Visitor: 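Following this message is one structure expressed as structure tokens.
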Amino acid sequence: MEPVAKVKRFCKAKPNQITDGCLRAGVFPKGFCPMNGSRLPLVRTAHEADARKSKSESFETDVLLNSLDDSEICVTPSMRSLRAEEYTRAFQSFLDHSTEHQCMDQFNKTELPNIVASVGNGKSTISVLGVGSGTGEQDLKMIRIIQSQHPGAFIANEVIEPNPHHILAYKEAIKNSPDLKNVSFTWHQQTSMEYEKQAKEGNVEKKYDFIHLIQMLYRVENIANTIKFFHSCLDCYAKLLIIILSGNSGWASIWKKYRHCLPPTDSGHYITADDIKVVLEGMGVKYQVYDFPSVWDITECFIDGDTTGGHTLDFLTGTKDFMNTAPLGLKQQLRQALGQPECSTKKDGRIIFRNDLSMIVVSS
Ligand SMILES: C[S@@+](CC[C@H](N)C(=O)[O-])C[C@H]1O[C@@H](n2cnc3c(N)ncnc32)[C@H](O)[C@@H]1O
């Protein structure tokens with residue numbers, strides 16, 4: 001399905017705003033602060049507190065409270081996060097059933113050429129850094145667009161990617177792209193944090209003309225510091241591109257209600273573009289946001305024993321074999337929530353989850 005609309009917003013950061021998004025009361029009500037990675041004491045959300053206050057008001061309320069009983073819906077020892085290979089499989093299933101990459105293609109077609117036209121300011125070699133590049137499809141498309149805007153320029157492309165399965169698939173994709181010329185590839189099989197540490201310890205101040213962090217900030221140890229570090233790696237006339245789920249996606253709605261019921265992912269940050277904007281405003285940098293719609297067909301989630309449905313739920317929850325390891329109450333509630341209008345719409349008998357993306361472009 002083709003994305004149908006986009007909204008472009010130009011933002012100038014307001015100076016002197018708080019640098020740590022977690023200081024904003026109520027942003028992370030479950031006590032986990034993804035901006036600085038710290039865990040704060042667990043507090044109840046306003047929603048839960050209100051529900052408990054009105055306990056005696058009606059029988060219906062009592063039923064609601066009973067169904068929120070932690071033992072029925074919260075993470076149990078049998079639930080665990082996806083391992084690298086399992087994540088790769090679930091991610092591929094997500095790509096196969098969503099318009100995630102088509103949505104990025106639309107951005108690549110309509111906006112990216114202009115965005116990269118000025119990078120490097122006429123240099124003969126353009127340095128590109130992909131952080132959390134996955135299997136490289138997006139990287140290769142972007143390299144081609146940079147080349148089309150800078151004919152004759154050499155592209156020195158570096159990749160930070162911790163998952164060895166993804167690096168192998170990326171190398172395979174290069175082999176299958178004989179048209180790709182004038183590009184070198186340098187591999188850093190490590191996390192962004194490990195790269196940052198190594199660069200700082202070795203006193204290496206490598207600068208890049210274009211850096212992208214595409215759908216990967218959920219998994220870094222410290223989001224604000226990661227953005228600050230990679231922004232500091234930009235050369236003059238350079239751009240940093242962050243692609244992340246938008247605040248009105250179905251994910252945001254699910255995370256608000258259920259993130260405390262799921263096993264921790266590598267770092268387990270449930271963040272959207274709204275949180276990234278807070279960080280950027282704190283940094284006082286200029287940025288532009290481009291919102292693009294994207295959808296994910298999650299119909300099979302509702303069919304017991306369906307393999308695609310299983311992978312869908314595993315990717316959605318970051319849990320290995322969610323359907324067979326999560327408590328019954330959690331499965332029921334999650335499925336019910338997935339069918340609500342905040343998350344999805346029904347079309348031709350299919351359940352279509354909102355996977356809208358925000359493309360955030362920061363200048364050096
Ligand atoms: C959802 S995938 C996105 C891949 C690719 N950018 C895309 O959009 O197709 C997230 C990627 O980030 C990688 N990743 C996870 N934690 C990371 C970290 N701490 N630093 C760098 N990359 C990380 C994962 O291995 C995975 O390849």
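Model, not experiment: these values are computed from the prediction. In each ligand, atom 1 is the first atom listed, and ligand 1 is the first ligand listed.
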Visitor: Give a yes or no answer on whether the side chain of D314 reaches the backbone of D321 with a donor-acceptor pair at less than 3.5 Å.
Guide: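 Yes; judged by distance alone, with no hydrogens or angles, the pair exists.
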Visitor: Can you list the ligand 1 atoms lying under 4.0 Å from a non-hydrogen atom of Y87?
Guide: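 Result: 1 (C), 2 (S), 10 (C).
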Visitor: Any chance the side chains of D139 and Y170 put a donor and an acceptor closer than 3.5 Å?
Guide: yes
Visitor: Using a 4.0 Å cut-off to any heavy atom of F91, which atoms of ligand 1 qualify?
Guide: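 So the atoms of ligand 1 that pass are 1 (C), 2 (S), 3 (C), 9 (O).
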Visitor: Between G132, P162, A84, flag the one that comes closest to atom 6 (N) of ligand 1 by a heavy atom.
Guide: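 It is G132 whose heavy atom sits nearest to atom 6 (N) of ligand 1.
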Visitor: Within the structure, does Q190 bring an N/O atom to less than 3.5 angstrom of an N/O atom in ligand 1?
Guide: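 No.
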Visitor: Taking D235's backbone N and O only, do any of them form a donor-acceptor pair with S364's side chain (distance below 3.5 Å, no angle check)?
Guide: yes
Visitor: Under the rule for salt bridge (charged side-chain N to carboxylate O under 4.0 Å, His left out), what residues qualify as partners of K175, not counting sequence neighbours?
Guide: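 K175: salt bridge (charged side-chain N to carboxylate O under 4.0 Å, His left out) contacts with E172.
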Visitor: Please state which option from E161, E100, E194 has its nearest heavy atom closest to atom 13 (C) of ligand 1.
Guide: E161
Visitor: Could you state whether F154 and V183 fall into the same hydrophobic cluster, counting links through intermediate Ile, Leu, Val, Met, Phe, Trp or Tyr residues with side-chain heavy atoms under 4.5 angstrom apart?
Guide: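 In one cluster with F154: V183, no.
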Visitor: Only heavy atoms of Q215, strictly under 4.0 Å: list the atoms of ligand 1 that pass.
Guide: 1 (C), 2 (S), 3 (C), 10 (C)
Visitor: Without swapping roles, check the side chain of T308 against the backbone of E300 for a donor-acceptor pair under 3.5 Å.
Guide: no
Visitor: For N163, take its heavy atoms, then give the atoms of ligand 1 lying under 4.0 Å from any of them.
Guide: 25 (O)
Visitor: Heavy-atom contacts with G134 under 4.0 Å: which atoms of ligand 1 show up? List them by number with element.
Guide: 4 (C), 27 (O)
Visitor: Does anything in residues 142-155 form a side-chain hydrogen bond (donor to acceptor under 3.5 Å, both in side chains)? List the pairs, not counting sequence neighbours.
Guide: R144-D179
Visitor: Using a 4.0 Å cutoff against the non-hydrogen atoms of M216, which atoms of ligand 1 qualify?
Guide: 12 (O), 20 (N), 21 (C), 22 (N)
Visitor: Go through the steps for F230 and Y208 under the test ring-ring contact (aromatic ring centres under 6.0 Å, His included), then give the verdict.
Guide: CA-CA 9 Å; F230 286 110; Y208 299 89; 8.3 Å; no
Visitor: Which atoms from ligand 1 have a heavy atom of H166 less than 4.0 Å away?
Guide: 25 (O), 26 (C), 27 (O)
Visitor: Is the shortest N/O to N/O distance between I214 and ligand 1 below 3.5 Å?
Guide: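 Yes, there is a polar N/O contact under 3.5 Å.
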Visitor: For atom 7 (C) of ligand 1, which of E221, M193, E137, H101 has the closest heavy atom?
Guide: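 It is H101 whose heavy atom sits nearest to atom 7 (C) of ligand 1.
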